[in-house]
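Below, chain A is the first sequence line, B the second, and so on; all start at residue 1.
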Number of protein chains: 2
Amino acid sequence: MNQEKRSITIRDVAKTAGVSVSTVSRVLNGKVDVAKETKNHILEVIDDLGYSTNLAARSMRSQKKNLIGLIMPDIAYPYAIEIMKGVNQAIAESEFDLLVYTSGDVRKRGHITSEQKYITLLAKSISDGVIVVAPVASEYNIDKPIVSIDPVMSHPNYPAVHATNYEGSLNAMEYLIGLGHKRIGFIGGRVELESANRRLSGYRDALKNAGIPIDEQLIVSGDYTTKTGIEGGQHLLKINDRPTAIFASNDQMAMGVYQIAEKMGLRIPEDFSLVGFDNIPESKYLGLTTVDQFISKMGYVATQMLIKVINEIPLEDQTLRIKTQLVVRNSCRRYSGDQ
Amino acid sequence: MNQEKRSITIRDVAKTAGVSVSTVSRVLNGKVDVAKETKNHILEVIDDLGYSTNLAARSMRSQKKNLIGLIMPDIAYPYAIEIMKGVNQAIAESEFDLLVYTSGDVRKRGHITSEQKYITLLAKSISDGVIVVAPVASEYNIDKPIVSIDPVMSHPNYPAVHATNYEGSLNAMEYLIGLGHKRIGFIGGRVELESANRRLSGYRDALKNAGIPIDEQLIVSGDYTTKTGIEGGQHLLKINDRPTAIFASNDQMAMGVYQIAEKMGLRIPEDFSLVGFDNIPESKYLGLTTVDQFISKMGYVATQMLIKVINEIPLEDQTLRIKTQLVVRNSCRRYSGDQ
DNA sequence: AAGGATACCGGCAACGTTACTGGAAACCGA
DNA sequence: TCGGTTTCCAGTAACGTTGCCGGTATCCTT
């Protein structure tokens, strides 16, 4: 039945062009050692037959692939999208193409295929190097270049780009404290991620620095999703002596806070102030004051680093820290304590 | 210097496990024909050595790859992102992983690597099937499943999912006309794309149906980018007897119109009405009335179709048409003609 | 005109994997 | 005990490509 229309190989091209396979391979790879006439003829045949080289076979045999891999567990949330935008831009400016590898959901694969597996899969097989987002491990037994974005632990010998999560958090808190807030709620992120912990540290230290006692009741946990933003926000806003400000440790959760505030009939910033973290595009429209961590720039820079490593250009710094920056919009107001 | 730490192959595993290569391959692929004891031992060795199978080699040899390819010229614009969201969701629900292939920019590759090249590259090499977005051709000499999203010309034998571009455009225009508008500007999309032409047809036909003469001066061209939205908007708004409404043939360009309007000191909808097409997330925040074409749903459905084709489940319909729907927000107002 | 350089090209092996074939051992029923 | 299954595994041949080596012509130099 399925008569398997075998696809056209380099051998077919060689045969119809009346040359050897190696010669075809040479014109395919732009080697000089072939007569202009033969070359043109072969190119014609290639076009006629609609041949295109088999990536798998080529990858297996040769070194340079002009392909960069980007590994993400999920590509459908704003953070991932911003990363991709940055990577995409760097890719567009380069000679490389991009292969984004995803399983669609962090939770999809069980214990069998771990991060390491994915990386080796892509790296060994098919690309010249990979970018890993928020990886857990820091060492891989691969000979291929790897650049990590926001890794859990930075390893001095492995290139990585970070955001200054701690400082960003500190800044945001100082801003709120500077506005006169003393009771500030905090909605945390996924605890297994370094970024979440560092943002929490920033929260705690800022209060400590300002001499404000920490009320553990005001710290709730979340997982960076809108849903937990809603839950956390609701919890905080239902407290009797409710906080005058909330610091959500990412914008996605801050968006949840907006939603629950509206449902509860509370206005932002009139009834309470709100600060987020990330500066995803949506924040602009919401008027959310947040900490910009230049996500897409991180993707951009990481890609450039990777390309350098691939081309064996030495890196000035193995780890690059992108400075976060507070973006003040209109989700916060001064709190004078007299209301 | 670079002593090329050769990576671990199946042969290494076989040797240290004291079995043959084929046996290792068998446990790797979950074949039954191997003793439980041997199997466990091999799995242990695999874990110890940190082996992971070389995708390229496997792809070359075997049929099933559990991998779906998505080919996009650029992944950094809202339309592409929405598609990916949908595809991502379907992927997450399936046994397949996803490989997004992009060169980062439509304009990057010259004549050498065409759409066909990309498709065969990915399809022949490495994946079980591919999804192509807005492809120009309708036939490919590949034996692998292909599903197109919004193809230029639909071919009855090739699975594709469309939006009802013409009807959507017609609806939007009828809405504007129903509000009393007679001078309606139109900003067109990339002429080489079918969607652009069909939206323009909708514009023309709606006017014709309403008995309103077409003023060619009110039709300007664009290419679906914000930049041309700005230019087109400026051009239209500078006309002496300027249109009372503008229909931008996608949201991205409508966003450009917002920008230029603000710069010119014109308010929407007080000074003129605006309608877009696509319903990208940003539109919600802008309050833009637009035609929802359920982009992410298109990605979702296309992926499901592809998976069916791969699994040789017959499709009910080769081409699926997703109905567009007008989303009324607050960028339009009634025009009574007395101002 | 002869020797050497150069331009061009073909053949072979190898990349790491899986499909296929077949064969040894173990088991089973009588 | 013996033929026949069954279980398990090893060996070999591919898959489509490129790297390497070497072999012809052709051209240049003196």
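Distance B/Glu37 CD to D/dC9 P: 9 Å, rounded to the nearest Å. Atom CE of A/Met60 and atom P of D/dG19 are 13 Å apart (whole Å). Atom CD1 in A/Ile126 sits roughly 14 Å away from atom P in D/dT18 (whole-Å rounding). Distance, A/Leu28 CG to D/dT17 P: 8 Å, rounded to whole Å. Put simply, CZ on A/Arg58 is 16 Å from C1' on D/dC15, counting in whole angstrom units. One interatomic measurement links the two molecules: NZ of A/Lys36 to P of C/dC9, which rounds to 13 Å at whole-angstrom precision. Rounded to whole Å, the distance from NZ on B/Lys15 to C1' on D/dC9 is 19 Å.
For the pair B/Ser20 and D/dA10, the criterion of a side-chain N or O lying under 4.0 Å from OP1 or OP2 is met. Distances shown here put a side-chain N or O of A/Asn29 below 4.0 Å from the OP1 or OP2 atom of D/dT18. In this structure, A/Thr23 reaches the C/dG10 phosphate: one of its side-chain N or O atoms is under 4.0 Å from OP1 or OP2. Distances shown here put a side-chain N or O of A/Ser25 below 4.0 Å from the OP1 or OP2 atom of D/dT18. Here B/Arg11 does not reach the OP1 or OP2 of C/dG16: none of its side-chain N or O atoms lies under 4.0 Å away.
The side chain of B/Tyr51 lies closest to C/dT17, out of C/dT17, D/dG16, C/dG10. The A/Arg61 side chain lies nearest to D/dG19 when the options are C/dT18, D/dC15, D/dG19. For A/Val19, whose side chain is taken as the heavy atoms from C-beta onward, the closest listed nucleotide among C/dT17, C/dG10, D/dG16 is C/dG10. Distance from the side chain of A/Asp33 is smallest to C/dC8 among C/dC8, C/dT17, D/dG16. The A/Ile10 side chain lies nearest to D/dT18 when the options are C/dT18, D/dC8, D/dT18.
Using a 4.5 Å heavy-atom cutoff, the side chains of B/Leu320 and B/Leu315 are not in contact.
Counting any heavy atom pair closer than 4.0 Å across all strands shown, A/Val21 reaches a base atom.
Screening B/Ser94, B/Pro159, B/Pro145 for a side-chain contact (heavy atoms from CB on, under 4.5 Å) with B/Leu306, the sole residue that qualifies is B/Pro145. With respect to B/Ile83, the side-chain contact (heavy atoms from CB on, under 4.5 Å) criterion is satisfied by exactly one of B/Ile75, B/Ile295, B/Val100: B/Ile295.
Judged by atom type and distance alone, B/Ser22 reaches the base of D/dG11 through a side-chain donor-acceptor pair under 3.5 Å. Residue-to-nucleotide contacts include a donor-acceptor pair under 3.5 Å from the side chain of B/Arg26 to the base of D/dA10.
Residues passing the side chain to side chain contact (heavy atoms under 4.5 Å, CB included) test with B/Ser22 are B/Ser20, B/Arg26, sequence neighbours excluded. In this structure, the side chain to side chain contact (heavy atoms under 4.5 Å, CB included) partners of B/Ala17, at least two apart in sequence or on a different chain, are B/Val19, B/His41, B/Ile42, B/Val45.
Mapping B/Thr38 and A/Ala57 onto DNA chain D by nearest heavy atom places B/Thr38 at the nucleotide closer to the 5' end.
In this structure, the side chain of B/Thr303 engages the main chain of B/Gly299 through a donor-acceptor pair within 3.5 Å.
Judged by distance alone, the side chains of B/Asp97 and A/Tyr101 do bring a donor and an acceptor atom under 3.5 Å apart. Side-chain contact check for B/Tyr300 and B/Glu93: at least one donor-acceptor pair (N or O, by modelled atom type) lies under 3.5 Å.
Taking five base pairs at each end of the helix from C/dA1-D/dT30 to C/dA30-D/dT1 and finding the rotation axis that steps the C1' atoms of four pairs onto the next four gives two axes whose angle is 30°, to the nearest 10°.
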